[in-house]
Amino acid sequence: MRFVAFVHRHGGRILPEGWSRVCPADDTGHPYVVVDVGVVVDVDVDVGVGSGQDHDHDHVTPVPRKPRMYPPVHVADISRHEGQEVTLHGWLQGRRSSGKLHFLQLRDGTGTIQCVVFRGNVAPETFHEADHLPQETSLAVTGLVKRDERSPLGFELDVRGLSVFARPSREYPLGHKEHGVAFLMEQRHLWLRSQRQQVILRVRHTVEKAIRDFFDERGFTLVDAPIFTPSACEGTSTLFEVPYFDLGKAYLTQSGQLYMEAAAMALGKVYCFGPTFRAEKSKTRRHLTEFWMVEPEVAYMDLDGDMALMEEFVSHVVQTALARHRKELVSVLERDVSKLENVKPPFPRITYSEAVEVIRKAGHPMTWGDDIGGDEETVVASQFDRPVMVHRYPASMKAFYFKKDPADPRVALGCDVLAPEGYGEIIGGGQREDDLAALERGIVEHRLPAEAFEWYLDLRRYGSVPHAGFGMGVERCVAWLCGLHHVRETIPFARMMERITP
RNA sequence: UCCCCAGUAGCUCAGUUGGCAGAGCAGGUGACUGUUAAUCACCGGGUCGCAUGUUCGAGUCAUGCCUGGGGAGCCA
């Protein structure tokens, strides 16, 4: 990139070529002299230039050494610079005016700071411009960092100068008033700039890192599962179809589990973490067509071990997010974090049969073998102050690969973790069928194409072992942590039945 | 796939029994030295989702369609 130095009697700056129009003058109204410094990577120039317009001062003007494109100071670190003059780069979030004072809310991605422009401290042009910049103008603001009791941040910037990177070419669509969900989802690329969305995405980031850390620290190996899969494993209705060269149709994965079983036989403890696709026409607050799922799988582990892993895992993720984001969860998202503090082992464990009794006692008609619906889930979850583990569902309700309970063949060795407060199932998993003959029977009973599972059956032919695993949906977990009504806010760009843009 | 709701200014919404299209916010101009969604004054802003029908007259009533939202089923 070609750079240009803007030099005046007090100093200067180096900016990319073409930005001269945004730096017409220095703080006192003296014009800059433009010096082409050419293509540079790490500028280290010492150009002696006196301003042609400045006849009172003919001394040599120093150009700053090693200037950087990135701002030297961020809002998050502002307390370290009390009393210093600093330059912040950010976007104009809002603006208020009171005669000889203008208040600019500058957002830089790490925080928002109020910049106070006092008429006596800046050039008249700067003062006028400060009151006419539109929302979301990108700008550099220079000023003194001052502690102020009236500021929610604790600090303000006493402005001495500002320069604009770019003024919006049209009015910013998102005002400070309330907006409808449909409109905000259409403006999702801009909605991300709001404080609320920033907090949610940071919590998501923490959750994803906590997931990786949890498994990495326990000796798991991350194994990436394929996204294109060759056949419909559990019925075509839930899968997205894509053309695949001369091989016909491929499908977008709805789970990496079968591949993790193969990987567990090679590496022992493995997990995959990636996007998952469901073509089911679900229109609820808990559903997306594209979502992220983490799926661990462990060789030589039974259902009990799996359930212990689940509760330890969920607790780690929740407590990590709570420790890092408690303040924003409370102040920005108004989350009642006391409900998250209980999320520590051991979690209550009830069988499906016990859950049916709980649901019946609560007045919901239900017979053994019925699925537990959304309302029933909430009834069960509301009995406890932390996530509840419901295990040993009727085998007919579960996928073909679940192992049946030797003590009661009607039920499968599966377990779901239901989050409190109506957030529902965040984890589903269990022990896999390790007996070749039983697995083959399951494939027939579920009317699945046997040839597509030959490779999977090989895992039972060559040293089959008990093994188990589970899958957790990242969005449901984040929605629960943040106390959100809908999972669509937990993913940067939600993909739903009725929405694929932006 | 099924059920319910909504669509009026850039945004959020009001609009009486069917009788001249409205408010707040945002935007523009100005006032104010401490504003936190500032306040105050003035100004500009409309294919009432689309189509057909009923009527002297439709934002309003009817039918169909489109788009979005909420829920069910299924799931994470």
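Residue numbers begin at 1 in each chain, while the letters A, B, ... track the order of the sequences.
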Report task. Please work out if Q114(A) contacts a base, only the sugar-phosphate, or nothing of the nucleic acid, heavy-atom cut-off 4.0 Å. Result ->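 Answer is base: heavy atoms of Q114(A) come under 4.0 Å of a base.
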Query raised in the report: Contact class for F103(A) (heavy atom, under 4.0 Å): base, sugar-phosphate, or nothing?
Result: base
Among residues at least two apart in sequence or on other chains, which ones pass ring-ring contact (aromatic ring centres under 6.0 Å, His included) with [X]?
X       : answer
F118(A) : none
H316(A) : F214(A)
H467(A) : none
H132(A) : H128(A)

Round to the nearest Å and state the distance from [X] atom [atom1] to [N] atom [atom2].
X       : N      : atom1 : atom2 : result
E489(A) : G69(B) : CD    : P     : 13 Å
F470(A) : A76(B) : CZ    : P     : 13 Å
I500(A) : U67(B) : CD1   : P     : 15 Å
M497(A) : G71(B) : CE    : P     : 14 Å
Q93(A)  : A26(B) : CD    : C1'   : 16 Å
K283(A) : A6(B)  : NZ    : C1'   : 12 Å

Query raised in the report: What pairs with Q105(A) under side chain to side chain donor-acceptor pair (under 3.5 Å), at least two apart in sequence or on another chain?
Result: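 Testing Q105(A) for side chain to side chain donor-acceptor pair (under 3.5 Å), a comparison that skips the adjacent residues, returns Q114(A).
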Query raised in the report: Please, which pairs that meet side chain to side chain donor-acceptor pair (under 3.5 Å) have at least one residue in residues 358-374 of chain A, sequence neighbours excluded?
Result: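 Qualifying pairs, neighbours excluded: S353(A)-W368(A), E357(A)-R360(A), T367(A)-D370(A).
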In whole Å, what separates the [atom1] atom of [N] from that of [M]?
N      : M      : atom1 : result
G59(B) : A21(B) : C1'   : 9 Å
G10(B) : C3(B)  : P     : 34 Å
A23(B) : U35(B) : C1'   : 25 Å

Tabulate protein N/O versus nucleotide N/O from nucleotides 39-41 of chain B, keeping only pairs under 3.5 Å, one per line.
none

Query raised in the report: Quick one, which residues of residues 143-156 of chain A touch RNA chain B with a heavy atom under 4.0 Å?
Result: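 Within this stretch, D148(A), R150(A), E156(A) sit under 4.0 Å of the strand.
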**Report entry** Set of side chain to side chain contact (heavy atoms under 4.5 Å, CB included) partners for C272(A), sequence neighbours left out
**Finding:** A225(A), M260(A), E295(A)
Query raised in the report: Going by the salt bridge (charged side-chain N to carboxylate O under 4.0 Å, His left out) test, which pairs reach into residues 308-318 of chain A, not counting sequence neighbours?
Result: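 Listed once each, the pairs are R218(A)-E312(A), E311(A)-R349(A).
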Which listed nucleotide ([options]) is nearest to the side chain of [X]?
X       : options                : answer
S98(A)  : U33(B), A76(B), A26(B) : U33(B)
Q105(A) : G71(B), U35(B), G73(B) : U35(B)
R95(A)  : G70(B), U33(B), G28(B) : G28(B)

Query - Pairing residues for R119(A) by the salt bridge (charged side-chain N to carboxylate O under 4.0 Å, His left out) criterion, not counting sequence neighbours - result: none
Report task. Could you provide the dot-bracket string of RNA chain B, using ( ) for intrastrand pairs, [ ] for crossing pairs and | for bases paired to another strand, with Watson-Crick or G-U pairs below 3.5 Å? Result -> (((((((..((((.....[..)))).(((((.......))))).....(((((..]....))))))))))))....
Report task. Using only heavy-atom distances, determine whether the side chains of D216(A) and Y271(A) contain a donor-acceptor pair under 3.5 Å. Result -> yes
Requested in this report: Taking atom CD of E334(A) as the centre, report whether more than 12 heavy atoms of other residues, nucleotides or ligands fall under 6.0 Å from it.
Outcome: no
